[in-house]
Peer 1: 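My structure is below; once you've seen it, I'll send some questions.
A, B, ... follow the sequence lines: proteins, then strands. Residue 1 opens every chain.
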Amino acid sequence: MIEFFIPLADWINVIFEVVNYHISPAMRSFSSFLEILIKQFEMTLLWPPESVIIIIVGLIIWRLAGIRLAIFAVLGLLTTFGMGIWKETMSTIALAVSGTIMSLIFGVPLGIIASQSDRAEKILRPILDFMQTLPSFVYLIPAVMFFGMGKVAALAATMIFAMPPAVRLTNLGIREVSREMVEAARAFGSSRGQTLIDVQLPLALPTIMAGVNQCIMMSLAMTVIASMIGAGGLGLVVLRSMQTLDIGMGTVGGLGIVILAVILDRLTENIAKNQEVRKSLNN
Amino acid sequence: MNIIEVQGLYKIFGKQPDKALELLKKGYTKNQIMEKIGHTIAVDNVSFTVQPGESFVVMGLSGSGKSTLIRCLNRLIEPTSGSIVVDGKDVSSMSLNDLQVFRREKISMVFQSFAVFPHKTVLENAAYGLKIRGLSATERGQKAKNALDLVGLKGWEESYPAQLSGGMQQRVGLARALATESEILLMDEAFSALDPLIRKEMQDELLDLQNKMNRTIVFITHDLDEALKLGDRIALMKDGSIVQVGTPEEILMSPATNYVEKFVENVDRSRVLTAEMVMKKPNVVVRFPKDGPRVALHSMEEHGISSVFAVDKERRLQGIVMAEDALEAVESKQKDLETILRRDVHTVLPDTPLKDLFALLTGKSTPLAVVSEERKLLGIIVRGSVMAKLAERGTVND
């Protein structure tokens with residue numbers, strides 16, 4: 001009989017212990033900085049009366065995506081207010097938006113790097129596959145180990161989950177720009193940077209926006225799971241109702257998430273579309 | 001001095017181009033190399049020179065390596081071996097920075113698929129090369145506007161390419177290349193994607209522009225008619241090598257190989273040959289007003305012809321004298337040609353294409369006079385010699 005056993009679990013644990021021991025102090029200060037940012041964002045959303053927020057959101061969406069989505073957003077936000085989950089909704093928005101912004105801050109540049117070098121793409125691809133297919137519960141644990149329970153750990157988990165589509169679609173969008181466009185830019189003496197800024201990024205924008213849209217959706221999905229490590233918000237409402245088998249409350253929390261998802265999805269979609277239209281029409 | 005000098009240029013696509021090059025120099029054929037190590041020889045030992053202000057056409061079928069060749073000139077494709085010297089500078093060994101400066105200032109390009117930027121306005125497109133060169137917004141706007149005027153796109157500055165037809169989009173592409181005022185213009189099948197009418201229009205306009213600006217043009221095409229029309233000289237490419245370089249006439253009249261001959265045999269020669277090429281030297285003329293009818297009659301009799309052109313001291317054409325008129329004048333004892341000289345002679349310029357001569361020759365017994373712009377008599381054309389010239393090459397083919 002052959003004895004064959006790979007103690008992967010032990011190895012990982014040892015590695016994390018060592019890493020955690022050495023970088024923990026640095027992580028803590030970074031973590032508290034992020035925590036302040038998210039809390040500030042959340043407090044800003046909660047500070048004015050609900051009606052003011054609803055009106056401001058309505059107006060912004062009207063400007064960006066038209067009257068129909070604005071009406072839907074106002075009604076949707078009123079519903080969350082009516083159901084008594086306003087505070088949780090704002091908290092979820094704060095976390096999802098911060099998660100998206102952080103994902104994009106790292107994801108888009110990574111996507112650009114991947115698009116410029118085949119080697120970078122080769123290295124990044126398995127990492128992204130890993131990030132996307134690993135069950136999200138698994139990286140809740142290291143997130144907590146590094147950052148402690150709370151919103152920052154939730155943010156880190158969200159970033160791991162939501163960043164891959166931003167990287168992938170940025171890379172894809174830039175690579176999809178036709179060879180002739182890039183050739184034309186180069187033929188007139190553009191440097192790599194000029195080609196990227198003047199030609200590749202603007203032409204890749206619709207695809208990049210699709211990545212942004214994906215990124216938002218995944219951030220939102222992750223905030224529910226991350227409620228288990230202290231993310232709070234609507235996810236917590238759902239989690240609690242699961243623990244107490246309160247179907248009614250679970251539905252309320254779920255509906256709040258759906259409303260947010262629809263608003264954010266349509267909003268980014270419309271922004272992307274408007275850019276397209278501007279391109280093909282005369283101003 | 002040559003503005004472009006290409007010497008022994010090779011481009012091999014594959015992972016070990018040097019190995020393929022070695023095999024090629026040992027005498028292996030392209031097919032053998034393809035079989036052995038799977039490399040494609042796109043450009044095979046090409047050498048040519050282009051003079052400043054010349055329109056140099058590289059012509060060949062698809063897969064002949066012509067698009068690869070033109071991209072080697074500005075190193076959009078890195079040549080495998082060989083030297084490319086433009087305006088005294090060795091392009092093949094330039095650093096990336098020098099190369100970018102070279103592309104900004106010396107050479108510009110027009111593409112088969114237009115490659116205009118859809119997210120930029122027509123004006124921004126035309127100004128692109130100038131923007132990359134670092135010109136201020138107002139300066140480049142002015143130059144781009146001028147270039148757009150040249151190609152007939154005045155008033156479209158603020159439009160986006162999507163609103164323009166194919167022909168107009170290619171005008172934007174052309175304006176973008178003209179705006180930089182670079183000496184060399186590379187045109188890669190620039191008109192091939194346009195429909196025939198628009199293509200002809202663009203060819204004519206390019207010739208017009210070329211008359212005004214006198215740039216050096218390297219034009220790639222698979223269309224022989226286009227090559228003959230636009231090229232001062234034509235290089236015919238086959239399987240990556242240049243088979244023949246020459247003026248349109250040279251290519252047509254003395255094809256270097258069977259391949260070239262096959263290529264040119266379907267060309268409508270009457271559109272390419274010119275009056276100059278079929279005219280005969282005017283050996284017999286009478287001087288007007290010095291000579292009289294008797295002299296005229298005598299030289300006609302001597303040469304067995306029925307009419308003779310009359311020229312003045314500077315060989316300027318004055319008219320034609322018919323044999324029967326001269327005879328009559330001699331019998332009625334007239335002293336000069338004044339009364340019998342017919343001044344309504346049909347004249348053509350030396351570069352008039354043959355096809356335009358047919359109408360003038362039909363139903364006329366008198367020959368055509370070929371005259372210079374100062375009306376100096378250069379030659380005469382009779383119907384027989386036109387037909388003979390057209391038939392000449394036909395017999396070679398048979």
Side-chain angles (χ1 to χ4, degrees), chain A residues 108 111-113 115-119 121-122 169-170 172-212 268-283, chain B residues 67 70-71 73-77 94 96-122 124-134 156-164 172-173 176-177 179-180 182 184-189 193:
Chain A
V108 172
I112 292 173
I113 292 169
S115 74
Q116 297 297 300
S117 134
D118 288 340
R119 185 182 290 172
E121 193 194 25
K122 248 180 215 157
L169 285 164
T170 303
L172 178 74
I174 293 174
R175 281 176 185 268
E176 266 181 350
V177 171
S178 83
R179 209 177 57 99
E180 293 247 350
M181 290 294 151
V182 178
E183 217 175 31
R186 285 177 59 208
F188 284 93
S190 304
S191 65
R192 262 188 142 176
Q194 286 170 321
T195 309
L196 189 68
I197 290 167
D198 245 348
V199 177
Q200 287 172 304
L201 280 178
L203 290 176
L205 205 59
T207 313
I208 296 175
M209 282 309 289
V212 172
T268 46
E269 199 183 71
N270 269 303
I271 292 173
K273 213 185 281 166
N274 283 348
Q275 275 158 345
E276 284 282 277
V277 170
R278 220 172 296 150
K279 211 184 295 171
S280 56
L281 285 177
N282 202 357
N283 299 325
Chain B
S67 281
I70 200 176
R71 279 169 174 72
L73 295 182
N74 61 357
R75 269 176 64 192
L76 283 179
I77 290 177
M94 274 183 188
L96 185 64
N97 266 339
D98 291 346
L99 185 63
Q100 277 166 6
V101 172
F102 166 71
R103 286 172 180 162
R104 281 170 204 168
E105 289 172 2
K106 282 271 173 224
I107 203 161
S108 54
M109 192 162 181
V110 183
F111 295 85
Q112 177 174 12
S113 61
F114 320 145
V116 291
F117 303 122
H119 60 293
K120 292 178 183 290
T121 63
V122 168
E124 285 166 352
N125 263 293
Y128 184 77
L130 302 168
K131 182 179 174 189
I132 295 303
R133 198 185 281 177
W156 292 89
E157 288 86 354
E158 298 312 315
S159 307
Y160 281 83
Q163 300 165 283
L164 270 52
V172 178
R176 179 175 61 184
T180 63
S182 57
I184 301 167
L185 196 57
L186 303 178
M187 303 189 76
D188 178 28
E189 301 237 15

Peer 1: Quick check: closest heavy atoms across Ile132(B) and Phe188(A), and the distance to 0.1 Å?
Peer 2: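 Of all heavy-atom pairs spanning Ile132(B) and Phe188(A), the closest is CG2-O, 3.5 Å.
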Peer 1: How long is the straight-line distance from OG of Ser191(A) back to CZ of Arg104(B), given to the nearest 0.5 Å?
Peer 2: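 Nearest 0.5 Å value for the CZ-OG distance: 6.5 Å.
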Peer 1: How long is the straight-line distance from CG of Leu205(A) back to NE2 of His119(B), given to the nearest 0.5 Å?
Peer 2: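 Reported to 0.5 Å precision, the distance equals 10.0 Å.
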Peer 1: Under 4.5 Å from any heavy atom of chain A, what part of Arg133(B) do you find: side chain, backbone, both or neither?
Peer 2: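 The answer is neither part of Arg133(B).
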Peer 1: For Asn74(B) versus Ala187(A), what's the shortest heavy-atom pair and its separation?
Peer 2: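 Scanning both residues, the minimum pair turns out to be ND2-CB, 4.0 Å.
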Peer 1: Under 4.5 Å, heavy atom to heavy atom: which of residues 179-186 of chain A reach chain B? Give them by number, or say none.
Peer 2: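 Listed by number, the contacting residues are Glu180(A), Met181(A), Glu183(A), Ala184(A), Ala185(A), Arg186(A).
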Peer 1: So which part of Val116(B) gets closer than 4.5 Å to some heavy atom of chain A, the side chain, the backbone, both or neither?
Peer 2: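 Val116(B) touches chain A through backbone heavy atoms alone.
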Peer 1: Pair Tyr128(B), Asp198(A) - check side-chain contact (heavy atoms from CB on, under 4.5 Å), show working.
Peer 2: CA-CA 9 Å; Tyr128(B) 184 77; Asp198(A) 245 348; 3.6 Å; yes
Peer 1: Under a 4.5 Å heavy-atom cutoff, which of Gly129(B), Ser108(B), Ser113(B) has the most pairs with chain A?
Peer 2: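 Top option by heavy-atom pairs under 4.5 Å: Ser113(B).
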Peer 1: Side chain to side chain donor-acceptor pair (under 3.5 Å) with Thr170(A): which residues, sequence neighbours excluded?
Peer 2: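 Not a single residue meets the side chain to side chain donor-acceptor pair (under 3.5 Å) criterion with Thr170(A).
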